[in-house]
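Taking it in order: structure first as structure tokens, then the write-up.
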Amino acid sequence: MPVTARDPHETDAEREAAQGGQVTGPLLTEIDHVAIAVHDLGAAVDYYRETFGAVVEHREVVESDGVEEVLLAVAESYVQLLTPTSDDSPVARYLERKGEGIHHIAYRVADCAVALQSVKDNGGRVIDDAPRPGSRGTTVAFIHPKTAFGTLIELVEE
Ligand code: CO
């Protein structure tokens with residue numbers, strides 16, 4: 001369904017009625033993590049530990065994405081520090097182009113396939129055409145920033 005301009009003051013119920021109500025409730029249940037691309041993972045972890053007393057919950061090399069990640073617990077969510085493991089990793093190219101900083105935001109969803117389908121149904125451009133394995137045994141899919149107001153979005157099903 002094409003995205004059409006609508007009254008910005010309409011309520012969510014009015015919007016759902018206009019869309020035929022295919023989205024019946026909030027699909028995003030929590031912020032899973034905010035991912036920050038860094039050059040030096042050790043230095044970034046030290047910064048969060050020493051400055052904020054942050055606790056490392058998980059560390060993993062994700063070969064398929066060409067990254068090493070560290071998850072720092074923040075309540076029910078994480079800060080994810082990301083660094084490339086090779087020069088041709090997408091995160092290496094990101095660091096080259098934009099420098100260090102926020103790389104993507106990950107929303108937790110109950111069902112990655114359902115949320116991804118809703119993106120497609122609403123005319124959104126996706127990076128992953130189908131859900132795939134992420135870190136920590138999760139199932140994930142990335143949505144292209146072009147149709148998501150400039151933000152690379154990851155959907156995470158635990
Ligand atoms: Co992520």
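For the numbers below, each heavy atom of this structure counts, side chains included, while hydrogens, waters and symmetry mates do not. These figures come from a predicted structure and were not determined experimentally. When a ligand or atom number is given, it counts from 1 through the structure's own listing order.
With hydrogens and angles disregarded, a donor-acceptor distance shorter than 3.5 Å links the side chain of Ser89 to the backbone of Val91. Listed for the Lys120 side chain is a donor-acceptor partner under 3.5 Å among the backbone atoms of Asp129. Counting only distance, with no hydrogens or angles, the side chain of Thr147 and the backbone of Arg125 share a donor-acceptor pair below 3.5 Å.
Val38 and Tyr94 fall into different hydrophobic clusters, where Ile, Leu, Val, Met, Phe, Trp and Tyr residues are linked whenever their side-chain heavy atoms come under 4.5 Å apart, directly or through other members.
Its N, O or S atom nearest to the Co ion (ligand 1) is what matters here, and for Glu154 that atom is OE1.
At a cut-off of 2.8 Å, Glu69 does not coordinate the Co ion (ligand 1) through any N, O or S atom. Not one N, O or S atom of His103 sits under 2.8 Å from the Co ion (ligand 1).
Between NE2 of His104 and NE2 of His33, the angle at the Co ion (ligand 1) works out to 100°, rounded to 10 degrees.
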